[in-house]
Amino acid sequence: MEIHQNSHRQAKPCIHAKNLVLGYVVEQQLHTIANDISFDLYNGELTCMMGPNGVGKSTLLKAIMNQNPPLKGDIWLDKKEIRLMNEQDRAKNIAVVLTEKIRSGLMTVRELVALGRTPHTGWLGHLSKADNKIVNQVLEMTHLDVIAQKKLSELSDGQRQTAMIGRALAQDSSIMILDEPTAHLDLTNRFEIMYLLKKLAKEAGKAILVVTHDLEVAMETADQLWIMINQEPLVSGSPEDLMLEGHIQKLLPGNKWEIDASNGKIRLKNPGVLPEITGPEHLIYWVRNSLRKNIEMPMPEKIVATENPFEITIYCNQNHYTFSRTSEMVRFLKKGK
Ligand SMILES: Nc1ncnc2c1ncn2[C@@H]1O[C@H](COP(=O)(O)OP(=O)(O)OP(=O)(O)O)[C@@H](O)[C@H]1O
C-alpha cells in the first residue's frame with residue numbers, strides 16, 4: 001500500500017453535502033429523521049461522528065453509501081454525485097465496516113481480508129502479486145498475521161472486528177467509513193484501532209469517518225468531530241473547539257450527567273455542595289469523586305486526605321473519623337442517613 005505524506009488539510013473536501021434531509025420511506029410515507037445535515041469530509045483526517053441512539057448516524061452513513069439516499073439534497077464525492085455512481089466505482093472509493101456479523105464462519109482471516117480486494121479484481125478475479133502484497137501488509141499492520149489462518153468462527157468478537165477492519169483496509173480506498181468499530185474491543189485495542197485509523201488518515205491521506213459512542217477515544221484521537229443532536233443541524237469542528245463551545249456537553253441532555261470541560265470526563269452533575277477537602281491534588285480528586293457519586297448521602301463538614309499512609313479523616317458534628325479507603329468512608333457516611 002502506497003503511503004503518501006499528507007499533513008496539510010486539503011482545500012477541498014472529498015465528500016460534501018449541504019442541507020440534507022434524511023429519513024425513510026415506509027409504506028409510501030416519508031419519515032424524516034434529520035434535517036439540515038451539512039458536512040465536509042476531508043482527506044488526511046480522522047472524523048468521529050457522535051450522537052444519541054436513534055438520532056440518525058447510521059442513516060447518514062447509509063446515505064453516503066447510497067443504501068438509503070437522502071430524502072432531499074445530494075451528496076458529492078469530489079465532483080460526482082454519489083447516487084449517480086455505479087456500485088463498483090463507489091466501492092473503489094469508499095470502504096465500509098458495518099456492525100453486522102459475518103455469515104461465513106468457515107472463512108479464514110486471510111480470506112476475509114483478501115475479499116477487500118474484490119473491487120479491484122472482480123468477483124471471480126484472482127489475487128495478483130500486488131494484491132497479495134497489500135493483503136500481507138494489512139495483516140501485519142493490524143497484527144492479524146498471527147491469526148491469519150484461523151477461521152472466523154474461532155475468533156473473539158474483537159478479533160473478528162479487527163478482521164473486518166482489515167478487509168476494509170485491503171480495499172485500499174481513499175475513504176473509509178466505520179460504524180462503531182471499537183464496540184467489542186478491550187481497553188487497549190479501542191485505542192490501538194483508533195490510532196491505526198488516525199495514522200492511516202494522516203500518512204496515507206485517507207478520509208476516515210467513524211461512528212462511535214466512545215467519547216474518551218474520540219476526544220483523544222479525532223481530528224474532527226461531527227455531532228448529531230435531535231432536531232439540530234449537524235455541528236462539526238475539532239474536539240477541543242466543540243468542547244470549548246459547549247457542543248459536546250449537549251451529548252448528555254438532562255440533569256443527571258455532565259461533562260467536565262476541564263478534562264472531558266463524564267460525571268454526575270453536582271447539585272449539592274461538597275465539603276472542603278484538603279490534601280495532595282490527586283487524592284482530593286478521587287476522594288471528591290467518591291462523594292460526587294453518592295451525592296444523596298449526608299456529607300461531613302470537612303475532609304483531610306493524607307498519603308504515606310493513605311488516610312482520609314472526616315469531620316462531622318465535632319467528631320472526626322479516619323479511614324484507609326474511600327469505600328469505607330462512603331459506607332460510614334451512608335449509615336449516617
Ligand atoms: N429501515 C428503516 N425504516 C424506517 N425507519 C428506520 C429504518 N432504519 C432506522 N430507522 C429509524 O431511524 C432512526 C435513526 O436510526 P439510526 O439507526 O440511523 O440511528 P443511530 O443514530 O445510528 O442510532 P444508534 O446510536 O442506536 O446506532 C431511528 O428512529 C430508527 O428507528
Side-chain angles (χ1 to χ4, degrees), residues 15-41 46-75 82-83 87 90 94-103 157-158 160-162 164-165 168 175-185 189-190 193-194 197 207-222 224-237 239 242 247-254 256-257 259 264 266:
I15 298 193
H16 162 81
K18 206 163 179 347
N19 304 124
L20 299 180
V21 176
L22 302 176
Y24 294 89
V25 182
V26 183
E27 292 166 1
Q28 296 177 335
Q29 298 260 0
L30 293 185
H31 286 265
T32 301
I33 307 285
N35 281 297
D36 210 358
I37 301 294
S38 302
F39 57 83
D40 291 311
L41 187 72
L46 173 64
T47 300
C48 289
M49 173 161 39
M50 303 196 69
N53 290 130
V55 74
K57 301 178 297 298
S58 301
T59 306
L60 173 53
L61 296 191
K62 285 186 208 158
I64 296 176
M65 295 173 309
N66 205 45
Q67 287 175 5
N68 184 54
L71 301 179
K72 270 193 207 150
D74 298 309
I75 305 175
I82 282 190
R83 84 167 92 202
E87 206 168 311
R90 265 199 307 274
I94 308 177
V96 178
V97 182
L98 298 179
T99 41
E100 98 277 28
K101 288 249 176 195
I102 319 151
R103 276 195 215 109
D157 283 347
R160 206 172 303 122
Q161 186 66 9
T162 312
M164 293 296 282
I165 293 170
I175 300 164
M176 278 180 74
I177 292 181
L178 304 99
D179 200 356
E180 299 190 43
T182 58
H184 297 293
L185 302 185
N189 279 316
R190 270 162 57 201
I193 286 289
M194 291 297 276
L197 295 173
I208 302 187
L209 174 59
V210 173
V211 170
T212 179
H213 290 291
D214 197 333
L215 180 66
E216 195 186 356
V217 173
M219 290 301 293
E220 193 58 31
T221 56
Q224 289 288 300
L225 276 187
W226 292 359
I227 295 192
M228 272 181 94
I229 302 285
N230 290 315
Q231 317 302 335
E232 289 189 20
L234 186 147
V235 174
S236 62
L242 295 193
H247 294 292
I248 291 182
Q249 287 80 338
K250 289 188 191 165
L251 289 168
L252 299 175
K256 195 166 178 193
W257 302 97
I259 294 176
I266 296 171

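Indexing begins at 1, ligand by ligand and atom by atom, following the structure's order.
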Tell me, which pairs form a side chain to side chain donor-acceptor pair (under 3.5 Å) where one or both residues lie in residues 64-75, sequence neighbours left out? Asp74-Arg83
If a pair satisfies side chain to side chain donor-acceptor pair (under 3.5 Å) and one of its residues is in residues 50-62, list it, with sequence neighbours excluded. Tyr24-Thr59, Tyr24-Lys62, Ser58-Asp179
Ile177 and Leu98: side-chain contact (heavy atoms from CB on, under 4.5 Å), yes or no, with the steps? CA-CA 8 Å; Ile177 292 181; Leu98 298 179; 5.8 Å; no
Taking every heavy atom of Ala218 against every heavy atom of Pro239, the minimum-distance pair comes out as O-CG, 4.2 Å
Let's go through Asp36 and Leu234 carefully: what are the C-alpha distance in whole Å and the side-chain angles of both, what is the deciding distance for side-chain contact (heavy atoms from CB on, under 4.5 Å) to 0.1 Å, and is it a yes or a no? CA-CA 7 Å; Asp36 210 358; Leu234 186 147; over 6 Å; no
Strictly under 4.0 angstrom, heavy-atom based: which residues surround ligand 1? Tyr24, Val26, Ile33, Pro52, Asn53, Gly54, Val55, Gly56, Lys57, Ser58, Thr59, Glu180, His213
Go through the structure and list residues passing side chain to side chain contact (heavy atoms under 4.5 Å, CB included) with Ala207, not counting sequence neighbours. Cys14, Leu41, Asn43, Ile175
